[in-house]
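Input: a single structure, listed below in structure tokens.
Start at 1 and go down the list; that is how both ligands and their atoms are numbered.
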Amino acid sequence: MLNRRKFISRSAITSLSVLFGTQLLKNKSYASTTPGNGEGTKPLVISTWRHGIPANEEAMRVIMEGGRAVEAVEAGVRVPEGDPDNMSVGLGGLPDRDGKVTLDASIMDETGNCGSVCFLEHIVHPISVARLVMDNTPHIMLAGEGALQFALENGFKKENLLTPKAKKAWEEWKKKAKYEPVPNIENHDTIGMLAIDQKGNLSGACTTSGLAYKIRGRVGDSPIIGAGLYVDNNVGGATATGTGELVIRTVGSFLIVELMRNGYTPQAACEEAVRRIANANIPDIHKHQVGYIAVNKAGETGAYCLKPGFNYALFVNGKNELVDSDNYFK
Ligand code: ASP
């Protein structure tokens with residue numbers, strides 16, 4: 001009979017092998033039956049939703065000028081962050097239920113360095129604050145007032161992020177004030193971006209104003225390394241959009257990268273991560289959307305989502321195109 005100690009260490013080894021893939025290695029046939037939808041060409045930029053098109057444009061410009069992937073993803077996602085007409089990222093983002101725009105962002109480079117900010121107010125470019133946290137501090141995540149103080153001390157300007165358009169939408173919402181997650185409102189939510197530069201190095205960025213009309217103080221998946229974004233330069237990267245709570249509880253982006261480490265194509269890995277959510281007994285799962293995009297070191301890409309409506313922008317071989325993702329609930 002196993003004594004308790006042996007039992008615990010055996011089950012720990014089993015769970016670790018499930019998590020990190022010894023089990024998955026036995027399952028390679030699954031990986032090879034689902035092809036990636038990229039050609040494996042580099043350099044490459046991929047990002048979530050339609051707002052990924054102009055963002056990719058900027059990121060690829062940086063790469064073609066010889067920039068690092070991390071510089072490219074920062075520059076790329078700054079485009080929707082600075083666009084007042086984009087109601088899900090940065091300036092012009094839809095506010096929380098108290099009418100305050102609060103932002104989450106994260107960035108990860110080819111060395112595994114990462115930085116993030118969450119519950120940040122008044123700063124148009126949270127991704128650049130996240131990058132400074134990564135580059136200039138011994139920490140990974142700064143939150144709320146502390147993140148704002150850090151940004152102001154580093155020369156960022158305090159601005160009003162609530163545009164008249166977003167304020168009007170919030171005032172309409174207040175009339176009913178029914179608290180429900182509102183994913184997919186305008187078919188352009190969080191921007192998550194992954195890039196491979198001319199040296200073949202990978203980086204990623206993710207930035208959002210989060211779920212519209214969230215409870216004040218709510219933080220989503222986007223600033224959480226491993227949930228909304230994960231990059232391993234030896235393997236690949238993944239990023240998420242949609243109901244952050246579902247991504248956090250399944251540690252989605254880390255899961256995708258670990259699956260790829262164990263032989264899954266980016267496409268098969270995204271499908272498995274979505275399947276985990278679909279099978280997690282979540283009430284009203286059909287009301288939610290989660291979309292993932294992924295790329296591996298070879299430049300193959302994948303994407304998958306819970307329900308129809310998610311698309312992503314892929315810039316490769318000189319073409320920057322919007323692609324519809326396949327989905328789990330048909
Ligand atoms: N993932 C984001 C969050 O939960 C929102 C979104 O992408 O729609 O904050």
Side-chain angles (χ1 to χ4, degrees), residues 46-52 55 77 80-81 83 86-90 92-97 100-107 116-121 126-127 130 141 143-144 147 161 166 169 173 179-194 204-230 238-256 270 273-274 277 280 282 284-294 303-313 325 327:
I46 183 169
S47 61
T48 54
W49 304 110
R50 180 177 293 279
H51 52 201
V77 303
E81 279 185 344
D83 177 357
N86 185 317
M87 298 181 84
S88 56
V89 181
L94 287 169
D96 64 16
R97 56 182 12 189
K100 307 269 203 303
V101 181
T102 71
L103 306 175
D104 296 338
S106 64
I107 190 159
S116 81
V117 288
C118 66
F119 192 41
L120 174 62
E121 292 177 75
I127 197 66
M141 182 184 258
L161 304 182
W173 173 83
Y179 186 72
E180 272 194 4
V182 193
N184 244 356
I185 322 173
E186 287 201 325
N187 196 24
H188 59 77
D189 300 7
T190 297
I191 183 154
M193 175 182 280
L194 305 163
C206 188
T207 175
T208 190
S209 52
L211 290 188
Y213 320 128
K214 59 199 171 187
I215 294 174
R216 181 148 176 79
R218 181 264 188 191
V219 169
D221 59 308
S222 308
I224 298 178
I225 299 298
L229 175 71
Y230 197 71
T239 185
T241 179
T243 308
E245 285 72 6
L246 305 187
V247 176
I248 294 171
R249 63 187 273 175
T250 51
V251 202
S253 294
F254 181 72
L255 172 64
I256 291 171
C270 289
V274 167
I277 293 173
I282 304 211
D284 293 330
I285 184 72
H286 290 272
K287 287 190 180 168
H288 294 272
Q289 175 66 300
V290 170
Y292 288 113
I293 55 172
Y304 204 60
C305 60
L306 273 175
K307 61 181 188 183
F310 172 52
N311 50 27
Y312 62 96
S325 164
N327 46 280

From I282 atom CD1 to E245 atom CD, the distance as rounded to the nearest 0.5 Å: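 So the CD1 of I282 and the CD of E245 are separated by 10.0 Å.
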
Rounded distance [0.5 Å steps], OH in Y304 versus OH in Y292: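 If I round to the nearest 0.5 Å, the distance is 13.0 Å.
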
Atoms of ligand 1 less than 4.0 Å from [X] heavy atoms?
X: T241; value: 6 (C), 7 (O)
X: D221; value: 1 (N), 2 (C), 3 (C), 4 (O)
X: L211; value: 9 (O)
X: G210; value: 9 (O)
X: D189; value: 6 (C), 7 (O), 8 (O)

Consider only side-chain N and O atoms of [X] and [Y], and report whether a donor and an acceptor are under 3.5 Å apart.
X: S116; Y: S106; value: no
X: N86; Y: S88; value: yes
X: T207; Y: E81; value: yes

Options G242, S222, G244, ranked by nearest heavy atom to atom 1 (N) of ligand 1, top entry: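 When every heavy atom of G242, S222, G244 is considered, G242 comes closest to atom 1 (N) of ligand 1.
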
Shortest heavy-atom approach to atom 6 (C) of ligand 1 - which of T190, L246, V290: T190

Short N-O contact, K214 and D96, less than 4.0 angstrom: no

Proximity to ligand 1 by part of R218, non-hydrogen separation under 4.0 Å: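 Side chain only.
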
Close N or O approach (D104, ligand 1; < 3.5 Å): no

Parallel, tilted or perpendicular, as decided by the 30° and 60° cut-offs, for the rings of Y213 and W173: parallel

